[in-house]
Q: 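Following this message is one structure expressed as structure tokens.
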Amino acid sequence: MKTKVAVLSCLMCVAILLAGYEYSRAEPKAEKPALKIGVVSIRRIFEECKRNARYKEEAMAEQEKLSAEMEKLSKEIDAEKAGLKTLKAGSNDHLAMVKGILEKQAKLEAQREFNNQQMSLKDQRWTETFFKDALEKTSEVAKQKELDLVFEKDEISFPASSANELMLTIRTFKLLYSGNCQDITDDVVAKLDADDSAKRKAKN
């Protein structure tokens, strides 16, 4: 009798365990929340941000000023070359003018090379600083909108200007489709412009 009771108890326990297992399998599992993903176009930020546009204008004005100085020196050299024709070849005055022309030509080339390197370095520093600020503002906007990830969304323009540019685009282009991802480019541009405006007002 005791054996029957023990066996019956065991069977009941097994039945209860199986019922619990089946229930746990049937119970719907809680779904993980979907990631909130945003996209941003760095190219558009550079093209549309007022801060970057102002830098381009200032850089262009500086470049034109330097070019004007180089043109002035070049005209002086041309004028002195024309003046050589009025002097006797080999005379002291002729040799002195030749020396002066050569010195000015060397100065012109050195100044032109220096200007090119200076502007190139300035553009590089500006791009680095602006890109860093754009990344910071992108992070701020993403946090405000509670985004989990933000991908760079670049616009491709065809045809490419060269085969090398085409291959570079293919190698660096990573985001092929963004679907319904939220585009925060306008928000980042607005933040950059607002921050720049506030800093300029503070200086004044």
Q: First locate atom NZ of Lys75, then atom CE of Met70, and finally report the distance between them rounded to the nearest 0.5 Å.
A: 13.5 Å
Q: Check this for me, if you would: do Asp187 and Lys137 make a salt bridge, where the nitrogen-to-carboxylate-oxygen distance has to be below 4.0 angstrom?
A: no
Q: Side chains of Val39 and Ile184: does their closest heavy-atom pair fall under 4.5 Å?
A: no
Q: Evaluate the side-chain proximity of Val40 to Phe151: yes if any heavy-atom separation is below 4.5 Å, no if none is.
A: no
Q: With rounding to the nearest 0.5 angstrom, report the CD to OG1 distance, Gln124 to Thr129.
A: 10.0 Å
Q: Specify the closest pair of heavy atoms between Ala134 and Val188, including all atoms of both residues, with the distance to one decimal.
A: O-CG1, 3.9 Å
Q: Which atom pair, heavy atoms only, marks the closest approach of Met119 to Ala59?
A: CE-O, 3.8 Å
Q: Identify the heavy atoms of Ile101 and Lys81 that sit nearest to each other, and give their distance.
A: CD1-N, 3.7 Å
Q: Using 0.5 Å steps for rounding, measure from the CG atom of Asp193 to the SG atom of Cys49.
A: 4.0 Å
Q: To the nearest 0.5 angstrom, please state how far the CZ atom of Phe131 sits from the CD1 atom of Ile45.
A: 9.0 Å
Q: Same cluster for Ile77 and Leu84 if Ile/Leu/Val/Met/Phe/Trp/Tyr side chains link at under 4.5 Å?
A: yes
Q: Give me each pair satisfying side-chain hydrogen bond (donor to acceptor under 3.5 Å, both in side chains) with a member in residues 50-69, each pair once, sequence neighbours excluded.
A: Arg51-Asp133, Asn52-Trp126, Arg54-Asp196, Tyr55-Asp123, Glu62-Lys122
Q: So, using side chain to side chain donor-acceptor pair (under 3.5 Å) as the criterion, who are the partners of Glu109 when residues are at least two apart?
A: Arg112
Q: Inspect the contact between Asp195 and Lys191 and indicate whether a charged nitrogen and a carboxylate oxygen are less than 4.0 angstrom apart.
A: no
Q: Any chance you could lay out the side chain to side chain contact (heavy atoms under 4.5 Å, CB included) test for Leu149 and Lys36, step after step, and finish with the verdict?
A: CA-CA 7 Å; Leu149 295 171; Lys36 295 181 65 177; over 6 Å; no
Q: Any side-chain heavy atom of Thr127 within less than 4.5 Å of one from Phe46?
A: yes
Q: Give me each pair satisfying side-chain hydrogen bond (donor to acceptor under 3.5 Å, both in side chains) with a member in residues 83-108, each pair once, sequence neighbours excluded.
A: Glu80-Lys104
Q: Has the side chain of Thr185 got a donor or acceptor atom that lies under 3.5 Å from a matching backbone atom of Ser41?
A: yes
Q: Is any side-chain heavy atom of Gln117 closer than 4.5 Å to a side-chain heavy atom of Phe114?
A: no
Q: Do other residues, nucleotides or ligands put more than 12 heavy atoms under 6.0 Å from the CD atom of Glu128?
A: yes
Q: Check this for me, if you would: do Arg44 and Glu47 make a salt bridge, where the nitrogen-to-carboxylate-oxygen distance has to be below 4.0 angstrom?
A: no
Q: State, yes or no, whether a side-chain contact exists between Asp148 and Ile37 at a heavy-atom distance under 4.5 Å.
A: no
Q: Distance check, rounded to the nearest 0.5 Å: Gln118 atom CD versus Leu66 atom CG?
A: 7.0 Å
Q: Test side chain to side chain contact (heavy atoms under 4.5 Å, CB included) on Val141 and Thr138; report intermediate values, then the result.
A: CA-CA 5 Å; Val141 173; Thr138 298; 5.9 Å; no
Q: Working to the nearest 0.5 angstrom, can you tell me the gap between Glu113 CD and Leu108 CG?
A: 12.0 Å
